[in-house]
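It should be emphasised that the depicted structure is a prediction, and the values quoted were computed from it without experimental measurement.
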Amino acid sequence: MSVDRVEEVREAEEAGVVAAGDAVEAQVATAGLTYYPIAPGVRLNVRSGPATSYPIVKVLPEGTRVPIFCQTPGTSVTGPYGTTNIWDNIADSQFVSDAYVRTGSDGYIAPRCD
């Protein structure tokens with residue numbers, strides 16, 4: 001599933017066109033993607049690049065799960081899951097600090113972004 005397709009599914013889900021969970025999980029399983037939960041109780045800023053100096057493009061609501069397409073070093077951030085300079089690419093030009101995503105690892109779990 002391409003980044004564009006994931007965004008289409010997410011937009012449809014947010015618009016109430018598909019039920020949260022079932023349809024998305026089925027498509028994710030088919031694509032081989034894993035979605036990771038953001039820290040409980042957190043509304044997470046999504047930035048256009050891998051640093052806090054980049055503009056916020058949207059805010060993820062509590063309970064969101066995100067795919068990680070690639071990871072890249074950037075600004076060091078301290079969050080619920082430690083301090084890290086790893087940033088997760090969750091869609092085209094959309095990054096979140098790995099310090100707020102429960103990946104089960106302190107290191108890279110996806111390929112480095114180009």
Side-chain angles (χ1 to χ4, degrees):
M1 182 181 306
S2 70
V3 171
D4 292 334
R5 180 67 185 127
V6 170
E7 282 303 303
E8 288 173 14
V9 170
R10 183 165 312 285
E11 289 169 6
E13 180 180 313
E14 289 171 357
V17 175
V18 296
D22 295 338
V24 174
E25 291 301 322
Q27 290 181 358
V28 168
T30 301
L33 291 177
T34 300
Y35 272 51
Y36 300 90
I38 62 171
V42 170
R43 294 181 69 236
L44 186 58
N45 292 335
V46 178
R47 296 185 179 272
S48 62
T52 55
S53 59
Y54 283 90
I56 296 169
V57 295
K58 68 180 177 180
V59 179
L60 299 176
E62 294 180 29
T64 300
R65 298 174 65 88
V66 295
I68 299 175
F69 294 100
C70 62
Q71 294 176 300
T72 192
T75 302
S76 185
V77 173
T78 299
Y81 301 118
T83 300
T84 185
N85 72 336
I86 298 173
W87 285 74
D88 304 331
N89 175 249
I90 63 167
D92 190 33
S93 299
Q94 295 184 20
F95 293 83
V96 296
S97 171
D98 196 61
Y100 288 89
V101 181
R102 187 174 48 131
T103 62
S105 173
D106 288 337
Y108 287 87
I109 55 98
R112 296 250 182 149
C113 301
D114 292 332

Quick one: CG on D88 to CD1 on I109, what's the gap to the nearest 0.5 Å?
-> 6.5 Å

Hey, any chance V57 and V101 share a hydrophobic cluster, counting ILVMFWY side chains that come within less than 4.5 Å of each other, even indirectly?
-> yes

Taking all non-hydrogen atoms of both residues into account, name the closest pair between V77 and S97 and its distance.
-> CB-OG, 3.4 Å

Kindly compute the distance separating OG1 (T75) from CZ (R47), expressed to the nearest 0.5 Å.
-> 8.5 Å

To the nearest 0.5 Å, atom CD1 of I38 lies from atom CZ of R65 at 11.0 Å

Which heavy atom in F95 sits nearest to a heavy atom in C113, and how many Å separate them?
-> CE2-SG, 4.3 Å

Do you know the tightest heavy-atom contact between R102 and Y36?
-> O-CD2, 3.6 Å

Joint hydrophobic cluster, V46 plus Y54, side-chain heavy atoms closer than 4.5 Å | no

Provide the closest heavy-atom pair for A110 versus I68 in the form atom of the first, atom of the second, distance.
-> CB-CG2, 3.8 Å

Identify the two heavy atoms, one from Y81 and one from P40, that lie closest to each other, and give their separation to 0.1 Å.
-> OH-CD, 3.5 Å

Atom OG1 of T84 and atom CD of Q71: how far apart are they, to the nearest 0.5 Å?
-> 8.5 Å

Would you call R43 and E62 a side-chain contact if the rule is heavy atoms closer than 4.5 Å?
-> yes

SG of C70 to CH2 of W87, rounded to nearest 0.5 Å, is 13.5 Å

With sequence neighbours excluded, what pairs up with S53 under the side-chain hydrogen bond (donor to acceptor under 3.5 Å, both in side chains) test?
-> none

Residues clustered with I86, ILVMFWY side-chain links under 4.5 angstrom = Y108

Here the pair of heavy atoms bringing D98 nearest to S105 is OD2-O, 4.3 Å

Of all residues at least two apart in sequence or in a different chain, which pass the side-chain hydrogen bond (donor to acceptor under 3.5 Å, both in side chains) check with T83?
-> T78

Say you draw a straight line from CG of N89 to CG of D114; how long is it, rounded to the nearest 0.5 Å?
-> 10.5 Å

